[in-house]
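What follows is a single structure, written as structure tokens, with notes after it.
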Amino acid sequence: MSVADFLAVPRRMLVGGQWVEARSGERIDSLDPATGKVLTSIPAGDGADIDRAVAAARAALDDPRWRDLTPLDRGRLLDRLADLVEEHADELALLESRDNGKPVATARAVDVGTTMKLFRYFAGWPSKFEGATIPVSPRGGLRVLNYTVHEPVGVVGAIVPWNFPMSMASWKLAPALAMGNTVVLKPAELTSLSTLRLAELIGEAGFPDGVVNVVTGLGATAGAALAAHTDVDKIAFTGSTAIGREIARAATGNMKNVSLELGGKSPHVVLPDADLAAVVDAAADAIFFNQGQVCTAGSRLYVHADVYDTVLDGLAERARSIRVGPGSDPATQMGPLVSARQFAAVGAYLDAGRAQGATVVAGGGPVTGLDAEYADGWFLQPTIFADADHSMRIVREEIFGPVLAVMRWTDTDELVRLANDTPYGLAAGIWTRDLATAHRLAARIKAGTVWINCYNYTDPASPFGGYKQSGWGREMGRAVLDAYTETKSVWVNVS
Ligand code: NAI
Ligand code: MG
């Protein structure tokens, strides 16, 4: 389907295999961040729609067409879905770019690329996730065969953000489906379109009705209803730490399982012996990729005093050279922010940085001089603050925009203290040619992911998640399978 055709029709959402309006009949406009204009609209689902979707997911869990699939056949459905994502890659990338604002090349390489890899990788797990036989020591000489089996958790509620819309949805869908669960997915209200298109492909791949349901709508209504629903067995959330806290609270009603991927304020550290040209490229990418709207953004850069000026000059020049424009233009390197609200929130951090004494060395405000068509888009300049310190909001808080705070260090223990001086613990980066030093530093930084001489790589095979207030649990890899299964221990008297 062409993106123009998809956008020409007001979209519906997917409940129990039917494309439906919200019960209330209310709708939400989907906006183009490059122009501020309406692309199409989506249903404003609420608690009544969540109830319907949860009932459909519950019924699908016991449907023999899903429950009785062999592991290989479940894997084959996921593989078919990976094929369909690959076949529709250009269309999905363009749709993601239009709805979120990001450059279409980023959408193609990262969002669609990740989505495809996720379904491909998790397609292999249903036939390989084995239980165990356990050498137990029962009382009274009973002879026992004790074994474990992994069973689906049940109905999974997934609530995802707007920064990597379809890819974040797939981070939840792929392992949930691989382990035999059914899903009610609530995409972000700002960016639901690619997920609705993905849901069509899920049907085309042959997943039975009700296995995946997508309810679009606001967080405070649809999202909150899903988090609190007492017939949902697990909630998987990616988004802000503030909302993660509310979701954890809402989940206590029926003690549902909870996994949370939350915010970050990741330290990126440069030692004096690092390859400085590579550092400048990577440090710029770490903060400006996806307009800085990345949970692992390398937003605190600590540069050793000996190379501070060189790195800062290189970065400032680099930031000024980035081409900001509409995501649909192939020459664009950075697109608009996702929404007027995000644009205002990040703008307020620019004011706070200046007011608290940091120095702007590149950017610092809205982009001007774009074609008239884009005058109302949410374009912000790639911005670098020098002379930053830990008393400042731009250093302490997640900005979620293209804003870097650069700091100078000399003593390694002090560097480690500063790197860990944050309520977050999602990721970190280390640059040095001395790998022994790099490993020692990696061990001291409290973060779920540490990149050494690279930044912002993730893979379906490698666990991802946060220490401290960056979340609960791990996604991806072998580690995530536990989050989407219950383990049953079976004791058999064989005396
Ligand atoms: P958010 O955390 O409010 O939104 C994420 C998802 O949660 C969306 O689907 C939203 O509809 C849903 N949601 C919102 N309120 C809810 C509630 N009470 N119950 C259940 N679901 C709810 O993020 P928002 O407001 O769009 O962005 C604000 C800030 O959050 C950003 O500036 C950024 O700092 C942070 N953020 C962090 C992300 C991350 O991956 N670390 C992703 C998105 C936002
Ligand atoms: Mg949009």
Side-chain angles (χ1 to χ4, degrees), residues 13 28 30-31 33 42 44-47 50 99-101 157-169 171-172 184-195 214-229 232 235-251 253 256 258-266 289-297 299 337-349 378 380 393-394 396-403 422-427 448-449 456 458 464-466 468-472 475:
M13 59 190 186
I28 301 169
S30 288
L31 303 181
I42 56 173
D46 61 21
I50 291 290
D99 202 12
N100 165 282
I159 301 176
V160 299
W162 41 259
N163 54 343
F164 297 96
M166 181 176 60
S167 154
M168 284 291 119
W171 277 45
K172 319 293 189 216
V184 176
L185 175 65
K186 210 297 283 174
E189 54 273 29
L190 297 173
T191 56
S192 297
L193 300 179
S194 57
T195 301
V214 180
V215 176
T216 54
L218 299 177
T221 51
L226 186 56
H229 204 292
V232 170
I235 197 95
F237 172 76
T238 299
S240 61
T241 295
I243 299 299
R245 220 183 297 281
E246 284 189 37
I247 284 179
R249 260 190 229 113
K256 58 174 71 70
V258 179
S259 52
L260 302 171
E261 295 292 348
L262 307 176
K265 189 72 189 177
S266 298
F289 164 60
N290 213 46
Q291 299 69 247
Q293 301 165 142
V294 182
C295 54
T296 54
S299 49
L337 298 192
V338 73
S339 65
R341 202 184 108 194
Q342 196 65 13
F343 181 78
V346 177
Y349 279 107
W378 303 304
L380 212 56
R393 290 182 56 207
I394 57 164
R396 306 208 66 84
E397 298 174 20
E398 181 177 53
I399 299 176
F400 230 64
V403 182
T422 169
Y424 296 111
L426 196 56
T449 297
N456 259 344
T458 61
F464 180 92
K468 300 195 271 183
Q469 294 183 34
S470 288
W472 286 352
E475 295 193 283

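Given the structure is predicted, the values throughout are model-derived calculations rather than measurements. The residues of the chain are indexed from 1 along the displayed sequence. Atoms within a ligand are numbered from 1 in the order they appear, just like the ligands themselves. Hydrogens, waters and symmetry mates play no part in the numbers below; they use all other heavy atoms, side chains included.
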Any donor and acceptor pair, going by atom type alone, linking the side chain of [X] with main-chain N or O of [Y] inside 3.5 Å?
X: Glu398; Y: Gly264; answer: yes
X: Gln342; Y: Phe400; answer: yes
X: Asp99; Y: Leu193; answer: yes
X: Ser470; Y: Gly425; answer: yes

Heavy-atom side-chain proximity of Lys265 to Ser299 below 4.5 angstrom: yes
Donor-acceptor side-chain pairing of Thr238 and Lys172 below 3.5 angstrom: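 Indeed, the side chains of Thr238 and Lys172 share at least one donor-acceptor pair under 3.5 Å.
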Within the 4.0 Å heavy-atom sphere of ligand 1, strictly under, residues: Ile159, Val160, Pro161, Trp162, Asn163, Lys186, Pro187, Ala188, Glu189, Gly219, Gly223, Ala224, Phe237, Thr238, Gly239, Ser240, Ile243, Glu246, Ile247, Leu262, Gly263, Cys295, Arg341, Gln342, Glu398, Phe400
